[in-house]
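Throughout, a chain's letter reflects where its sequence line sits, starting with A, and its residues are numbered from 1.
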Amino acid sequence: MAGELRLYNTLTRRLETFAPIEPGHARLYTCGPTVYDHVHIGNLRTFLFEDVLRRTLKLFGYRVTQVMNLTDVDDKTILGAQRAGLDLRTYTDRYVEAFFEDLATLRAEAAEHYPRATDYIEQMVALVQRLSDNGLTYTSAGSVYYRISGFPGYGKLSGVRPEANLAGARVDSDEYEKEDARDFVLWKAAREGEPAWETALGRGRPGWHLECSAMSMSLLGDSFDIHTGAVDNIFPHHENEIAQSEGATNAPFVRYWLHAEHLIVEGEKMAKSKGNFFTLRDLLARGHDPLAIRYLLISVPYRQKLNFTFDGLHAADQAIDRISNTLHRLRTTPIATGPGALPAEEIARFRNDFLEALGDDLNTARALAALHTLLRTVNIALDAGGLSGAAHANVLAALGEADAVLDLMPAAADPGPADEEHIQRMIDERNGARAARDFSRADTIRDQLREQGILLEDTAHGTVWRRER
RNA sequence: GGCGACGUAGCCAAGUGGUAAGGCAGGGGCCUGCAAAGCCCUCAUUCGCCGGUUCGAAUCCGGCCGUCGCCUCCA
């Protein structure tokens with residue numbers, strides 16, 4: 001696939017044309033969840049942005065190696081495990097599994113690697129040792145800290161100046177002893193009742209930022225292409241990753257930093273205390289369609305705050321219906337014998353608009369607008385008498401290409417054969433009634449089928465049916 | 001206090017110098033036995049407010065108002 005892919009780089013605050021270090025191969029690290037609970041739809045918005053990113057990279061012809069970490073040791077996972085009376089691994093396993101289920105429900109493509117922090121203790125220790133060799137660490141009360149004053153590039157991602165005043169800022173809540181308030185912990189000394197590893201750094205556990213540096217470099221190399229997360233990760237998390245990685249290797253860590261804006265709910269920040277905190281499971285329990293949720297979460301470009309509302313979810317649901325209905329018409333309308341009422345230029349324009357929109361920093365709103373425009377064009381052509389074989393194949397190919405990124409099209413219905421026979425019998429009976437102008441009988445049959453989730457449509461080429469979504 | 005994002009119709013949202021995409025909701029119509037699906041028309045003389053630059057600004061500049069985020073383990 002030709003075309004230019006431009007991405008907004010937080011590091012330079014500019015739109016840049018993507019060019020990977022290794023031609024044709026995009027190496028991508030995406031900050032994953034802390035597995036102490038179910039993820040919420042705000043988290044999922046970010047993960048779906050990353051899904052759109054990886055699929056767009058593929059659409060533009062790149063081979064993709066994506067790593068998504070699973071943070072399975074931190075204050076919250078430790079606390080959760082203690083409360084549940086489980087060991088850390090057993091506790092986090094539950095949420096790792098739930099996380100994968102949620103991703104699958106929303107059709108997120110699997111990454112190539114899902115490393116867990118607790119499987120990379122060795123690499124983390126080795127990284128700290130390299131930092132120590134470079135004079136960037138110190139030990140205090142058994143914990144190892146990163147000395148920010150030793151890394152001149154600190155702050156280049158976030159714009160946070162090391163000497164920035166902290167008036168009004170959150171007071172440091174870290175309970176460990178530091179030389180300087182700006183320093184952060186690499187390795188935490190073991191505390192009573194907490195999981196700990198016996199290592200060359202002493203008995204303890206890793207600090208949060210360390211895992212991402214260690215795992216990304218282990219799996220993608222010292223320098224790789226893209227690193228993503230949500231905006232709240234810019235500082236301190238990603239800033240600290242840069243300090244850890246570049247402080248150890250003296251090589252550029254990441255070329256493109258991409259950050260997703262947050263999801264808010266009905267104009268307010270999502271918070272448990274406000275009762276507007278939703279997990280995917282909450283929405284499914286209310287009967288919402290996963291495809292509509294996917295549509296909604298990817299419909300707003302990733303750098304815009306996404307205001308989640310139930311009106312918006314309804315609109316997304318309508319959009320999925322529309323896509324689904326047009327596909328259904330394409331499947332059930334006979335191929336026209338004429339030239340076909342859908343000009344090839346229309347399809348070419350769609351392909352171009354769609355690609356250009358995604359190439360412009362993943363502008364999914366524009367990509368979806370192009371799709372809606374094509375759907376209308378297709379429907380007009382179907383109204384006008386159907387598509388030629390060539391036009392039919394052409395439009396299906398274009399839709400398939402778009403769906404390689406969007407993944408919003410319902411799987412073809414898989415009706416049981418016996419079921420299908422029964423439906424056809426009912427349709428025949430109803431059409432007999434209609435021919436005899438016995439409309440109350442005909443309507444009764446239609447209502448009966450409807451109760452079974454079968455919708456009838458009387459079209460110019462006969463009665464067709466589909467399943468209610 | 002520091003840093004950053006944003007304010008476009010009832011709602012979501014595209015558009016960053018050339019005269020307002022797309023979707024939802026609403027209104028009217030075509031088609032249909034009635035529906036469903038689809039299509040057509042309609043729905044912002046105007047882009048938070050006030051100035052400025054320009055032949056021309058939603059788009060650039062300045063000020064003001066408002067919303068939101070980050071400021072050391074929150075996607």
Could you give the distance separating B:G26 and B:C11 at their P atoms, to the nearest angstrom? 15 Å

Classify the side-chain pair A:Tyr302/A:Asp361 by whether it contains a donor and acceptor separated by less than 3.5 Å. yes

Rounded to whole angstrom, note down the P distance from B:C40 over to B:U53. 45 Å

Whole-Å gap separating P (B:G22) and CD1 (A:Ile320): 19 Å

Between B:U46 and B:A58, how far apart are the two P atoms, rounded to whole Å? 11 Å

Heavy-atom side-chain proximity of A:Ile293 to A:Leu106 below 4.5 angstrom: yes

Report which part of the nucleic acid A:Leu263 touches: base, sugar-phosphate, or nothing (heavy-atom distance under 4.0 Å, all strands). base

A:Gln244 CD to B:U72 C1': how many Å, rounded? 13 Å

Which comes earlier along RNA chain B counting from the 5' end, the contact point of A:Ala319 or that of A:Arg45, where each point is its nearest nucleotide? A:Ala319

Residues that A:Arg55 engages under side-chain hydrogen bond (donor to acceptor under 3.5 Å, both in side chains), provided they are two or more places apart: A:Asp51, A:Asp407

Tell me what A:His259 touches on the nucleic acid: a base, only sugar-phosphate, or nothing, going by heavy atoms under 4.0 Å. nothing

Looking across every strand, which nucleic acid part, if any, lies under 4.0 Å from A:His262 by heavy atom: base, sugar-phosphate, or nothing? base

Please measure how far the P atom in B:C24 lies from the corresponding atom in B:G52, and state the result in whole Å. 42 Å

Is there side-chain contact between A:Thr199 and A:Trp187, with at least one heavy-atom pair below 4.5 Å? yes

When both hydrogen-bonding distances must be under 3.5 Å and the geometry is Watson-Crick or G-U wobble, what is B:G56 paired with, if anything? none

Answer yes if the side chains of A:His40 and A:Asn43 hold a donor-acceptor pair under 3.5 Å, and no otherwise. yes

Can you name the residues that form a ring pair (Phe, Tyr, Trp, His ring centres under 6.0 Å) with A:Phe235, not counting sequence neighbours? none

Considering only the C1' atoms, how many Å lie between B:A57 and B:G17, rounded to the nearest integer? 6 Å

Can you check each nucleotide of nucleotides 32-43 of chain B against protein heavy atoms at under 4.0 Å and return B for base, S for sugar-phosphate only, - for none, in 5' to 3' order? -BBBBSSSS---

Going by purine N1 to pyrimidine N3 plus the second Watson-Crick contact, or the G-U wobble pair, all under 3.5 Å, which nucleotide sits opposite B:C39? B:G29

Side chain of A:Thr373 only, please: which of B:A75, B:C24, B:G22 is the nearest? B:G22

Would you indicate whether A:Arg450, at its atom CZ, is surrounded by more than 12 heavy atoms from other residues, nucleotides or ligands within a distance under 6.0 Å? no

Rounded to whole angstrom units, what separation is found between the NE2 atom of A:His237 and the P atom of B:C71? 13 Å

Given the P atoms of B:C68 and B:G63, what is the spacing between them in whole Å? 23 Å

Partner residues of A:Glu50 under the side-chain hydrogen bond (donor to acceptor under 3.5 Å, both in side chains) criterion, sequence neighbours left out: A:Thr228

So that I can tick it off, tell me whether A:Asp383 and A:Arg329 are bridged by a salt bridge, with the cut-off set at under 4.0 angstrom between side-chain N and carboxylate O. yes

Considering every strand and a 4.0 Å limit on heavy-atom distances, what is the contact class for A:Gly159: base, sugar-phosphate, or nothing? nothing

Rounded to the Å, how far apart are A:Tyr146 OH and B:U72 P? 19 Å

To the nearest angstrom, how far is A:Asp232 atom CG from B:A75 atom P? 7 Å

Given that both distances must come in under 3.5 Å, which nucleotide forms a Watson-Crick or G-U wobble pair with B:G7? B:C65

Atom-to-atom span, NE2 of A:His461 to C1' of B:C31 - whole angstrom: 14 Å

Would you say A:Phe350 and A:Leu371 make side-chain contact, with heavy atoms under 4.5 Å? yes

Pairwise C1' distance, B:G56 and B:G69 [rounded to whole Å]: 36 Å

Using atom CG of A:Leu408 as one end and atom C1' of B:G23 as the other, report the distance to the nearest whole Å. 13 Å

Please report the distance separating the P of B:C43 from the corresponding atom of B:C60, rounded so that it comes out in whole Å. 29 Å

At under 4.0 Å between heavy atoms, what does A:Ala315 touch on the DNA or RNA strands: base, sugar-phosphate, or nothing? sugar-phosphate

How would you summarise protein contacts on nucleotides 4-18 of chain B per nucleotide, using B for base, S for sugar-phosphate only and - for none, with heavy-atom distances below 4.0 Å? -B------SSSS---

Taking ring pair (Phe, Tyr, Trp, His ring centres under 6.0 Å) as the test, write out the residues that go with A:Phe310, two or more places apart. A:Phe278, A:His288, A:Phe308

Atom CZ of A:Phe310 to atom P of B:G23: distance rounded to whole Å? 24 Å

